[in-house]
Protein chains: 2
Amino acid sequence: MTAGGETAPSGTPTDSASTTVAEVVIAVRDGIMQGRYAPGQRLPEVDLVSLHRASRGAVRTALAQLENEGIVEREHNRGARVRPISLDEAVEITEARAVLEGLCAAKAAVRATSGDRDRLRELGAELTVAVESGDIMTYSKVNQLVHHAVRDIAAHTTAGTLLDRLRTQSVRYHYTVALLPGRPSVGLREHLDVIETVCAGDADLAEQTMHAHLLSVVSALRQLDASLHQW
Amino acid sequence: MTAGGETAPSGTPTDSASTTVAEVVIAVRDGIMQGRYAPGQRLPEVDLVSLHRASRGAVRTALAQLENEGIVEREHNRGARVRPISLDEAVEITEARAVLEGLCAAKAAVRATSGDRDRLRELGAELTVAVESGDIMTYSKVNQLVHHAVRDIAAHTTAGTLLDRLRTQSVRYHYTVALLPGRPSVGLREHLDVIETVCAGDADLAEQTMHAHLLSVVSALRQLDASLHQW
DNA sequence: GGCAACCAGATTGTTAACAATCCTGTGAGC
DNA sequence: GCTCACAGGATTGTTAACAATCTGGTTGCC
């Protein structure tokens with residue numbers, strides 16, 4: 001307790017009580033994914049300790065875990081910082097996602113129940129509405145929901161774990177890609193194709209469709225790269 | 001030092017000086033991969049401390065990292081143990097490897113230099129000799145070298161990292177699969193196909209060949225499963 | 001005026017002690 | 001004879017202090 005009413009530093013820290021390792025991990029990971037921490041930004045242990053009211057040991061363990069997840073990098077005696085993800089690396093990540101989510105789509109096509117199919121078609125409808133009304137925020141959100149739904153239906157733990165890891169590294173670029181002119185309508189069609197083929201129960205076709213969709217994202221990333229170099 | 005000449009416990013511990021976290025990680029990981037630690041076996045911190053002459057903190061950090069790698073599991077206040085990998089999980093892992101190594105094969109087909117091609121063909125020759133002479137140990141070793149060579153040529157860091165992770169989890173089954181009757185000759189032909197298509201520079205075909213090869217391993221695993229259930 | 005050595009502050013890495021929790025063996029009671 | 005409760009030992013989790021390293025600014029010298 002002592003001096004309880006310290007001015008809480010910015011950034012939605014934890015409430016008040018003591019926090020554990022997992023909570024620090026989640027807080028920092030979300031902070032990085034939401035862009036509250038910039039790439040390359042230092043993450044001094046002391047700051048995290050006071051932010052989350054956790055012990056230094058807990059913070060230290062959390063940083064080690066985040067380093068293992070690939071979103072934080074540490075140098076000996078020089079502390080931790082948010083690992084910058086280059087566009088080349090984002091391309092690699094998306095390529096890996098392409099084949100892994102392709103696998104999930106194939107499994108999902110075989111395993112999907114009628115309830116799963118309803119859910120997918122519902123998401124497809126939501127996505128259509130979002131694109132037609134130009135709501136990029138919702139588009140981006142439902143986009144993720146579609147991918148996650150396919151993953152869940154596939155029930156492939158191994159691929160799911162790997163995809164979680166990849167997603168946390170590349171979210172930063174998701175928003176940016178969705179802002180490319182014409183991207184939402186392209187993405188919409190591709191998602192609808194994925195949903196259709198998965199619902200049709202055609203494993204091979206579902207895999208191809210999902211694969212093609214994510215390779216299309218790779219193209220968009222490269223296009224983004226070109227745009228940035230022009231500036 | 002005190003009583004220096006304690007009878008060194010079994011299992012190739014470290015030499016004598018103090019060791020760091022990374023060394024403990026490597027030692028325990030190798031121990032698990034080589035089967036010196038059985039699945040489900042407990043890994044008390046004290047034992048690891050005395051085995052590797054490391055501090056408890058270092059051992060603790062190492063265990064956290066191994067847990068993150070998925071080869072060790074920990075329960076609160078109940079310590080760490082070697083995570084058992086079920087056959088179903090091994091199948092999942094191999095399926096994930098199939099698509100990721102397919103990706104690498106495609107990249108390798110495009111990127112391979114003439115030196116790379118020579119190296120691959122050389123490995124193909126070694127593998128042929130091993131199979132013809134019935135040397136399963138060498139077969140298994142060169143087998144891994146082929147896969148690793150393709151990965152290196154692909155130079156796909158993301159896929160490489162994920163594959164490292166998957167390999168450490170599933171090595172246990174590699175030997176066993178190689179022991180199935182007729183498996184080496186089937187594997188040999190598939191590997192030669194992979195090498196040929198990669199050297200031919202045909203990305204799509206290389207991907208398909210690698211994919212088919214690992215799905216054949218999945219079949220072998222399922223066959224193994226059936227054999228075990230018969231007993 | 002510019003450059004190199006140096007010192008102080010801050011930050012990280014490591015070790016050791018303390019506290020909490022769990023497992024095993026023993027004994028009393030039914 | 002069997003089950004349940006209980007204590008002792010062992011193992012893990014957590015916290016705090018100590019030591020080593022790095023960063024930035026200052027001073028002295030050329």
Side-chain angles (χ1 to χ4, degrees), chain A residues 1-4 6 9 11 13-28 31-32 37-38 40-69 71-83, chain B residues 1-4 6 9 11 13-28 31-32 37-38 40-69 71-83:
Chain A
M1 290 298 116
T2 62
E6 296 287 358
T14 49
D15 36 11
S16 60
S18 71
T19 50
T20 172
V21 175
E23 291 174 286
V24 175
V25 168
I26 292 173
V28 175
I32 293 176
Y37 296 112
Q41 181 175 337
R42 292 196 51 193
L43 299 171
E45 297 176 2
V46 185
D47 295 9
L48 297 177
V49 165
S50 56
L51 244 176
H52 303 101
R53 309 283 165 84
S55 79
R56 212 162 78 87
V59 167
R60 184 158 260 278
T61 305
L63 286 175
Q65 185 170 332
L66 291 169
E67 182 185 23
N68 246 289
E69 290 184 17
I71 56 183
V72 158
E73 63 184 1
R74 296 167 89 187
E75 276 180 291
H76 198 72
N77 283 325
R78 302 189 59 178
R81 53 182 64 235
V82 179
R83 193 167 81 88
Chain B
M1 285 304 106
T2 63
E6 296 288 357
T14 50
D15 35 12
S16 61
S18 71
T19 51
T20 173
V21 174
E23 291 174 287
V24 175
V25 168
I26 292 173
V28 175
I32 293 176
Y37 296 111
Q41 180 175 338
R42 293 195 50 192
L43 298 171
E45 297 176 0
V46 185
D47 295 8
L48 297 176
V49 164
S50 57
L51 244 175
H52 304 101
R53 310 283 164 83
S55 79
R56 212 163 78 86
V59 167
R60 182 159 261 276
T61 305
L63 286 175
Q65 184 169 334
L66 292 169
E67 182 185 25
N68 249 291
E69 290 184 17
I71 55 182
V72 158
E73 63 185 1
R74 296 167 87 187
E75 276 180 291
H76 198 72
N77 284 325
R78 301 187 60 178
R81 55 183 62 234
V82 179
R83 192 166 82 87

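Reminder, nothing fancy here: chain letters follow the sequence lines and each chain counts from 1.
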Gap between atoms CD and C1', on B:Glu75 and D:dT11 respectively (whole Å): 14 Å
Taking D:dT14, C:dT12, D:dT11 as options, the one with an atom nearest any side-chain atom of B:Arg42 is D:dT11
Rounded to whole Å, how long is the line connecting atom CG of A:Leu48 with atom P of C:dT11? 12 Å
For a 4.5 angstrom cut-off between non-hydrogen side-chain atoms, does A:Ile71 reach A:Val82? no
If the cut-off is 4.0 Å, is B:Ser55 near the phosphate of C:dT14, judged by side-chain N/O to OP1 or OP2? no
Side chain proximity check, B:Leu63 to B:Val59, heavy atoms < 4.5 angstrom: yes
Among D:dG13, D:dT21, D:dA17, which is the nearest nucleotide to the side chain of A:Asn77? D:dT21
Could you measure the distance from the CD1 atom of B:Ile32 to the CD atom of B:Gln41? Nearest 0.5 Å is fine. 9.0 Å
Distance-only, no hydrogens or angles: does the A:Glu23 side chain make a donor-acceptor pair with backbone N or O of A:Thr20 under 3.5 Å? yes
Euclidean distance, atom CZ of residue B:Arg60 to atom P of D:dT12 [Å, nearest integer]: 8 Å
Please state how far atom NE2 in B:His76 lies from atom P in C:dC23, giving the value in whole angstrom units. 13 Å
So for A:Arg56 and C:dG13, does any side-chain atom that can act as donor or acceptor lie under 3.5 Å from a complementary atom in the base? yes
Whole angstroms only, please: what is the CD-C1' distance between A:Glu67 and C:dT12? 14 Å
A:Glu45 CD to D:dA16 C1', in whole Å, measures 14 Å
Just N and O in the side chain of A:Arg78: are any of them under 4.0 Å from OP1 or OP2 of D:dT23? yes
Check this one for me: any side-chain N or O of A:Arg74 less than 4.0 Å away from OP1 or OP2 of C:dG13? yes
